[in-house]
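What follows is one structure encoded as structure tokens, with my remarks underneath.
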Number of protein chains: 2
Amino acid sequence: MRTAEQTADGESAPWGEVEPEAARRLLVAAVEAFAERGYHATTTRDIASRAGMSPAALYIHYKTKEELLHRISRIGHDKALEILTAAADGGGTAAERLAEAVRAFVRWHAERHTTARVVQYELDALAPEHRTEIVGLRRRSDAAVRRILGDGVRDGEFDVPDVPGTTLAVLSLCIDVARWFNAAGRRTPEEVGALYADLVLRMVSAQKE
Amino acid sequence: MRTAEQTADGESAPWGEVEPEAARRLLVAAVEAFAERGYHATTTRDIASRAGMSPAALYIHYKTKEELLHRISRIGHDKALEILTAAADGGGTAAERLAEAVRAFVRWHAERHTTARVVQYELDALAPEHRTEIVGLRRRSDAAVRRILGDGVRDGEFDVPDVPGTTLAVLSLCIDVARWFNAAGRRTPEEVGALYADLVLRMVSAQKE
DNA sequence: CCCCGAGCTGAGCAAGCGCTTAGAGCCTTG
DNA sequence: CAAGGCTCTAAGCGCTTGCTCAGCTCGGGG
């Protein structure tokens, strides 16, 4: 039986897997604080007070401030990898799968840009052993996109002279959405996802003649 | 007569305009430290010792640690704006000017990725009045690229349904180079610049039929 | 020869940091 | 109702932070 992990529409809630509730409140508070000020500029007192608790309460649920960051980074990277492998393994032509990968990945970076900012820009603040773990997940994300491009080239759908370089560029374009996306701005996450899927398809498509 | 501002080949040296020499040494040390660990995680003691001085020496040349960041950010943004306006105002077709803008802008982000990382990712650490000044420079950079795209659409060279959105995507793609570029990696700044110029041209080119 | 201002250092201050500890409150179990 | 365990708080420890200040050094002008 699932509880907090699932919402009515069946989509997984952002931090449903974090239990108990006090630990989740602290983690959500940490995501907001890290995204706003950065990991190093955020104090444990700030996190605790956002969660409505005393500074000491944090250490009942997490050993260190870095463990909080690691949990956030791990969950976020799992989600990112899930989105990209789902698109890579999905049905359809390489173009359809690439468009879906970019659309969904960008949508996640825009919709959850608070989380994504921490996930993408605080890697250096992780302890060495945690960083190598996360880097492994990132390599698998890279492989998923590279596979789609490779399939498209093989099937003659795409014209991509430099597959690794283009993979890097596509992922880079999507990731940077977390930096500039503003929830109060004019574009919705869906609109940005659609725009970016179109731009990426243009980057890789074989020219008609 | 120019001195430290110019090298033998006529290209401007990175921090030539910073005088006297001790102030420049401190600034270069700060760029390295900020890029490696981030502004908030860098101590004034670290900056001073990298420059071979005592912590107190920093405050003879700069009022605060934030003033150092502001000077770095200002010089970096001036350079970025100069690169983009030079390309926008240069001769040739819109496609040639866009390719040159991306090539030069990416090359700068790769070659000087230490500086670029501080310039692009430490905006939030600036004091409010310094931030608004820098945001103004960034808007002018945005306008330079938008102008090239607008010219290309007007002349029928480009097919760009969403000019502001595509401007954002092009700049975003270039800026993110500072995050992932590794000087020890396989690609040279020139190679990345050429690859990215090609990818961006594909994004905006009218399809042949 | 002495003085002087500029550049720099050693020592250190007040504030804030991550984290610990002793114990209070309260829910569960028998 | 008593015992035990879990969650949380108030207080604070040891340390580091950005920054200050009295004084040392040293090249150039009277």
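Numbered from 1 within each chain, the chains take letters A, B, ... in sequence-line order. A quick note: this is a predicted structure, and the numbers were derived from the prediction, not measured.
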> Can you give one letter per nucleotide of nucleotides 8-20 of chain D, going 5' to 3': B for a protein heavy atom under 4.0 Å from the base, S for sugar-phosphate only, - for none?
Replying inline: BBB-B----BBBB

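Heavy-atom minimum distance, A/Leu26 versus A/Leu58: CD1-CA, 4.0 Å.
Side chain to side chain, A/Glu122 and A/His40 fail the donor-acceptor criterion of an N or O pair below 3.5 Å. A donor and an acceptor atom, one from each side chain of B/His130 and B/Glu67, are nowhere located under 3.5 Å apart.
A salt bridge links A/Asp78 with A/Arg74; the closest basic N to acidic carboxylate O contact falls under 4.0 Å.
Looking at A/His109, A/His77, A/Arg179 one by one, the single match for side chain to side chain donor-acceptor pair (under 3.5 Å) with A/Gln120 turns out to be A/His109.
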